[in-house]
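Here is the structure we will look at.
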Amino acid sequence: MINQFQKKNHVNSPIVILFLISFIFFSIKWGYSFYHFNEEIISKVIFESVADGSFFYPLIKYLSLGEFSISLNSLNENLKTIAFPFGSIILHSIFFKIFNIYGLIIVDFFGIFLFLIIFYKIFQFFNSSGVSILLSLIFFSIPIILNFFLKDYNFIPLNQFKEFYTLRVHRPFPANLYMFLFIYLIILMNTNQIFQRRYFLSLGVITALTFSSFYYFFIIQIVSIIIFLFLKFRNKVLDLMHKNLDCILFFIISFLIFSSPFIYMLVFHENDLTIASGVFDLNLEKKFFLLKYFLIKIFNLQFFLINIFIFTLAIIINKKEVKNRQILNIFIIIYLSSIIAPFLFIMLSSKSGILYHFNNNIIIFGCLSLIISSILLSKKILDLFHQKKLTWLFLIFLILISIKTELNKKEHIDPLRIEFNKITKMINKKEMNKDFDTLLTFDNRFMIWTVLSNKIQYLNLTYVGLTSKTFNMIENDLINSFYFLGLDSDDFLKFLENKKQNWRYFNPNVANFFSLRYTANSLNTYKSSKNFEQKIKDFILDTSPIYSQQIAIPEEEYKRLERKFIKRSNNQSLNPSLIILDKNLPFYEKIDLNFDDYCEIFSGQIYELYFLKDQNLVCNN
């Protein structure tokens, strides 16, 4: 009888339930993919990645191998260290090291499970286990529900919550997990004796991983720690810190140890990659411009009224001494820190980057504060529900939505994915000559596949961030590739022309090879140039300074690139073993390949594949 009770209790354990829930959602995503697509595992991982998360897969592999200056080009040696968010990919790299490419699938399970565990632990501070499981499931489901029911609804707070947590590599997974874990730790410290070595050791590790993942969260964490300690101990805080120097040392040492790989990369990495990530110098004029912008936003009537509501609700809950109100106070501290963070960063930093993340964080943590307030005020109502039944009903509802979402994706099989798989299978069957094992393609997916597959040794073209090549090297690679394909300078400039896309100027070709080098908004342009066509210039000057992902190349830069193309400073003679062409390239119709040397193996709706000729090939051309 006792054994039966223990077995039943074990099965009903919250951890076991959360494990099973995680496995269900993991199985829905990957189970349907394995069922519907007959493709090699690398292709599956690339196409099932959330958003642009696949761009981090090569970096994950490099970290797992301990190789940080890969060039993928025999002519580009002695490169500096490549820069990547160490904390955001270390977990994926460990799984890749252990399970190879399958590790990038297995790690998704832990991305779901860890999220549910963290929020379960947070909610358990002021709820029963049943309610805590339900609430953690609701929080996990927020992006799923919003994307299903409000996919095309354009309301900024809801749009931000669509990205509250997904399995996109780097951010939100695991960068957001570090932030949620930080919140849990602060709540835990608040309910116990704060100055304990284990707490400050954990704080050091979490903040270090956050710093090397997403420094916007790191700033919020540091501000939150300061506010938390001063509110808790007021004028005694400095004296207590002095008495507990061992805790402070534990924090500092653990932070330095776990952030040291990232600090090393910051010191020795290729500077052009910093520019490509959107980093620019912050002089005094730009500081004042940004501070004025954020002040205007802070005192915007809509934002002002929302803040009044958030803080008034918090005051009422504290005045009425609602049980476990300290939990809300921690979230309010986090929210307040997210408002302070951009001002502190702008005042202290000599450089800046993608600024819209500060706005996004304010929205996310403001919404979280409101949700926690609502939970505290409705706790009695929640306790009236039969939590188990409600949890399983909600779980079934989510499962049905998730399955429907996957079915919708599979109903319209992407011809690009089909042709991609056909080409990779053809390449896998081909025995490559290692002396000429080189691929020329403009397609990012094939570049990622090349790095992960080990089938091809070199790439004639690499998107920015795939290696630590300088801009000069990337320009030379592009120019040489255009010459090889029989194209001229007009085709080259057309490939890089400024294009209007929806709400911004953005050319995907420029983004692929130069990323945010040519960011253009009212605060920042390439080398502070204002030399654009008048309509482009007017649009740029009217663009918000936080729109870092708008790209426009100044006229003088086009002239420099044209001169470089004509001069052709690098006379590298290309001889790729394989060529994969996208028929949607703007210059596709003008490509002039030498069919004495190359054999067309495949021609589809989207792609063409060519092999360097040998006596065993049967050509289509």
Hey, is NZ on K297 packed in by over 12 heavy atoms from elsewhere, all under 6.0 Å?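 For K297, atom NZ is not crowded (no more than 12 foreign heavy atoms under 6.0 Å).
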Within 6.0 angstrom of F258 CZ, more than 12 heavy atoms from elsewhere: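 No.
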Between [Y] and [X], is there a side-chain heavy-atom distance shorter than 4.5 Å?
X    : Y    : value
N73  : T462 : no
P415 : I606 : yes
T81  : S69  : no
Y518 : N498 : no
I580 : I427 : yes
I105 : V45  : yes
I346 : Y293 : no
L79  : E270 : no

Checking the side chain of [X] only, and the main-chain atoms of [Y] only, is there a donor and an acceptor separated by less than 3.5 Å?
X    : Y    : value
S259 : A208 : no
S64  : K97  : no
D272 : F471 : yes
T543 : N521 : no
Y216 : I354 : yes
Y458 : P576 : no
K80  : N271 : no
S515 : A276 : yes
T519 : I551 : no
K500 : I536 : no

Under 3.5 Å, is there a donor on one side chain and an acceptor on the other for [X] and [Y]?
X    : Y    : value
Y356 : S544 : no
Y178 : Q221 : no
S529 : E557 : no
S43  : N421 : yes
N472 : K564 : yes
K583 : S603 : yes
N460 : N480 : no

Between [X] and [Y], ring centroids under 6.0 Å:
X    : Y    : answer
F495 : F587 : yes
F211 : F218 : yes
Y483 : F565 : yes
F110 : F95  : yes
Y526 : F532 : no
F68  : F268 : no
H92  : F173 : yes

Is there a side chain to side chain contact (heavy atoms under 4.5 Å, CB included) between I546 and F294? Walk through the geometry before answering. CA-CA 10 Å; I546 68 168; F294 278 103; 4.2 Å; yes
Charged N to carboxylate O under 4.0 angstrom, [X] versus [Y]?
X    : Y    : answer
E556 : K527 : no
E475 : R517 : yes
K590 : D488 : yes
E497 : K494 : yes
K455 : E40  : no
R417 : E48  : yes

For the atom pair [atom1] ([X]) and [atom2] ([Y]), what is the distance rounded to the nearest 0.5 Å?
X    : Y    : atom1 : atom2 : result
L266 : S260 : CG    : OG    : 11.5 Å
R168 : F56  : CZ    : CZ    : 5.0 Å
I90  : F96  : CD1   : CZ    : 13.5 Å
K469 : N476 : NZ    : CG    : 10.0 Å
T274 : F280 : OG1   : CZ    : 13.5 Å
F611 : Y598 : CZ    : OH    : 12.0 Å

Matching residue for Y607 among F446, F442, Y588 - test: ring pair (Phe, Tyr, Trp, His ring centres under 6.0 Å):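 The residue from F446, F442, Y588 that satisfies ring pair (Phe, Tyr, Trp, His ring centres under 6.0 Å) with Y607 turns out to be F446.
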Minimum heavy-atom separation for [X] to [Y], with atom names?
X    : Y    : answer
L273 : S468 : CD1-CA, 3.9 Å
R445 : I46  : O-CD1, 4.0 Å
I553 : Y558 : O-CE1, 3.4 Å
Q605 : E419 : N-OE2, 2.6 Å
L59  : G465 : CD2-O, 3.6 Å
I220 : M179 : CG2-CE, 3.8 Å

Tell me, with the steps shown, if N176 and F217 meet side chain to side chain contact (heavy atoms under 4.5 Å, CB included). CA-CA 8 Å; N176 287 35; F217 283 162; 3.4 Å; yes
Could you please spell out the steps behind the side chain to side chain contact (heavy atoms under 4.5 Å, CB included) verdict for L496 and F514? CA-CA 10 Å; L496 300 174; F514 302 104; 4.2 Å; yes
If we check side chain to side chain contact (heavy atoms under 4.5 Å, CB included) with M447, which of these qualifies: I456, L452, L459?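 Running side chain to side chain contact (heavy atoms under 4.5 Å, CB included) over I456, L452, L459 with M447 returns exactly one hit, L459.
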Test log, rule side chain to side chain contact (heavy atoms under 4.5 Å, CB included), inputs F55 and V169: CA-CA 9 Å; F55 282 83; V169 181; over 6 Å; no
Parallel, tilted or perpendicular, as decided by the 30° and 60° cut-offs, for the rings of F595 and Y610: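 Answer is tilted, since the angle falls between 30° and 60°.
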R504 charged N/C atom sitting above Y547 aromatic ring, 6.0 Å / 45°: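 Because its charged atom misses either the 6.0 Å distance or the 45° angle limit, R504 does not stack over Y547.
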